[in-house]
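To start, the structure itself, in structure tokens.
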Amino acid sequence: MTTLVFSQLLNGLQYGVLLFLLAAGLTLVFGIMSFVNLAHGSLYMLGAYFAALTFKNTDSLTLAFFAAIFGSIAVGVILERLAVSRLYSRDHLDHVLVTFGMVLFFNEMVQILWGTQPYFLPVPAWLDSTVSIFGMNYPAYRFAIIVVGLLVAVGAHAVINKTRLGMLIRAGSVNPKMVGALGVNIKFLNALLFGLGAALAGLAGVMASPILSIQSGMGDPVLITTLVVIVIGGIGSVSGAFYAALIVGVVDTLGRAFLPMILREFMARDIANAAGPAIASMLIYVLMAVVLALRPQGLFGARR
């Protein structure tokens, strides 16, 4: 039982860091630029497709990795220049309508270009093994996802809090007109942030590809969970997104693994097996509701 609990904790941690890769990029755009980007999940999906198609034509996982990141950056920058930059001064409802239209467009586009059959990306040969963690064997690739997520978290914290770029980002989120008046190119800064968010979405897409099928619409469910992470962590807080992503990942994973087992102690097995997954799927939304009721600014968000 101890081994099962520990393995599920690691699975929750792995899921959490994947959510953080998406949440970090989205919170930069949503929390700092005040732009509601529902198309962020589409950038995650495109990153996975770029990786799969590059591998299909080159048999190189290294090229697939870089294709996912730089392809997502290219798409993100193009979207920012052509559409998003025109919407910064508009109402959030306009952001939602336009980016929701982008979601529909990209989902249909990948079906037209690459069909409806799912693609798959293999695990790198040097990670197709297990590692021993406190005497328990755990898939090396899933452990690598955890390590990459933690490195990104440390890097994001350092950039936001320890560099001049981070200072400009934080200042621009509070008073962009004043920052612009001091000679900072706000348009370039916004494009840089949007491109950075797209890069993190592409990274999440390529990291998730060996454990998930790559298909049209794959970014929609994970976007909803990512928005839950941002709300729980606190809008605009990258560190809050990290902690909230870990909490959501662990709660969701443990709930799906153990809630049916717990319910079997109180009700018939077939009813518990049906009710357990349904209730488990609602746990993160119940958690979000409780957080909003007790701390509307999020667990790690600052009062404004």
Side-chain angles (χ1 to χ4, degrees), residues 1-24 26 41 44-45 47-48 51 118 120-154 200-201 203-215 218-230 232-233 240-264 272-288 299:
M1 187 64 178
T2 303
T3 302
L4 177 61
V5 172
F6 185 58
S7 66
Q8 293 302 323
L9 282 173
L10 287 175
N11 286 338
L13 184 60
Q14 174 253 305
Y15 180 43
V17 296
L18 269 180
L19 288 176
F20 168 71
L21 291 177
L22 277 167
L26 188 57
Y44 162 82
M45 175 186 69
F120 298 93
L121 198 67
V123 173
W126 58 283
L127 288 175
D128 193 12
S129 60
T130 60
V131 294
S132 179
I133 304 176
F134 300 113
M136 186 196 75
N137 290 329
Y138 191 73
Y141 184 76
R142 289 180 179 269
F143 184 72
I145 293 177
I146 296 174
V147 172
V148 170
L150 295 177
L151 290 176
V152 171
V154 172
L200 292 174
L203 177 61
V206 68
M207 294 295 291
S209 295
I211 56 180
L212 299 173
S213 61
I214 303 169
Q215 55 189 337
M218 65 179 290
D220 300 345
V222 75
L223 175 67
I224 297 173
T225 310
T226 303
L227 290 173
V228 171
V229 167
I230 292 175
I232 292 175
F242 173 71
Y243 295 121
L246 297 186
I247 293 171
V248 169
V250 170
V251 168
D252 184 75
T253 302
L254 293 183
R256 294 178 187 277
F258 295 109
L259 192 57
M261 298 169 57
I262 295 173
L263 291 179
R264 287 177 202 147
N273 289 339
I279 298 175
S281 65
M282 297 187 295
L283 284 179
I284 60 173
Y285 305 106
V286 174
L287 174 63
M288 180 180 70
L299 291 177

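Contact record, G219 with Y44: CA-CD2, 3.7 Å, taken as the closest heavy-atom pair. Closest of all the heavy-atom pairs between S213 and P118 is CB-CB, 4.0 Å. Across all their heavy atoms, L18 and A208 have their closest contact at CD1-CB, 4.1 Å. The minimum heavy-atom distance linking A23 with I230 is given by the pair O-CD1, 4.1 Å. Of all the heavy atoms in T253 and G249, the pair that sits closest is OG1-O, 2.8 Å. Heavy-atom minimum distance, G255 versus P260: O-CD, 3.7 Å.
Separating the CG atom in N11 from the CG atom in L254 is a distance of 9.5 Å, to the nearest 0.5 Å. If you take CE on M136 and CG on L4, they are separated by 9.5 Å, rounding to the nearest 0.5 Å. Taking CG of L223 as the start and CG of L227 as the end, the distance is 4.5 Å to the nearest 0.5 Å. Rounding to the nearest 0.5 angstrom, the gap separating the CD atom in Q14 from the CG atom in L9 is 13.0 Å. Distance check: S209 OG to M218 CE gives 5.5 Å after rounding to the nearest 0.5 Å. The CG atom of N137 sits 11.5 Å away from the OG atom of S7 when rounded to the nearest 0.5 Å.
Y15 pairs in a side-chain contact (heavy atoms from CB on, under 4.5 Å) with only one of the listed residues (T225, I211, V250), which is T225.
In this view, Y141 satisfies the side-chain hydrogen bond (donor to acceptor under 3.5 Å, both in side chains) rule with no residue, not counting sequence neighbours. Looking at residues two or more places apart in sequence or on another chain, you find a salt bridge (charged side-chain N to carboxylate O under 4.0 Å, His left out) between R256 and D252.
Between F143 and I133, some side-chain heavy-atom pair lies under the 4.5 Å cut-off. In this structure, Q8 and V5 have side chains that are not in contact, with every pair of non-hydrogen atoms separated by 4.5 Å or more. Using a 4.5 Å cut-off on side-chain heavy atoms (C-beta onward), L26 and L200 make no contact. Contact annotation: the side chain of F20 never approaches that of L246 to less than 4.5 Å [non-hydrogen atoms, C-beta and beyond]. Side-chain contact between M207 and V17: absent, with no pair of heavy atoms (C-beta onward) separated by less than 4.5 Å.
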Check step by step if side chain to side chain contact (heavy atoms under 4.5 Å, CB included) holds for I279 and L263.
CA-CA 10 Å; I279 298 175; L263 291 179; 4.1 Å; yes
Begin from the C-alpha positions of I247 and L287 and carry the test side chain to side chain contact (heavy atoms under 4.5 Å, CB included) through to its verdict.
CA-CA 10 Å; I247 293 171; L287 174 63; 3.8 Å; yes
Stepwise side chain to side chain contact (heavy atoms under 4.5 Å, CB included) test for L150 and F242
CA-CA 9 Å; L150 295 177; F242 173 71; 3.6 Å; yes
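For OH of Y138, the number of neighbouring non-hydrogen atoms (other residues, nucleotides, ligands) closer than 6.0 Å is greater than 12.
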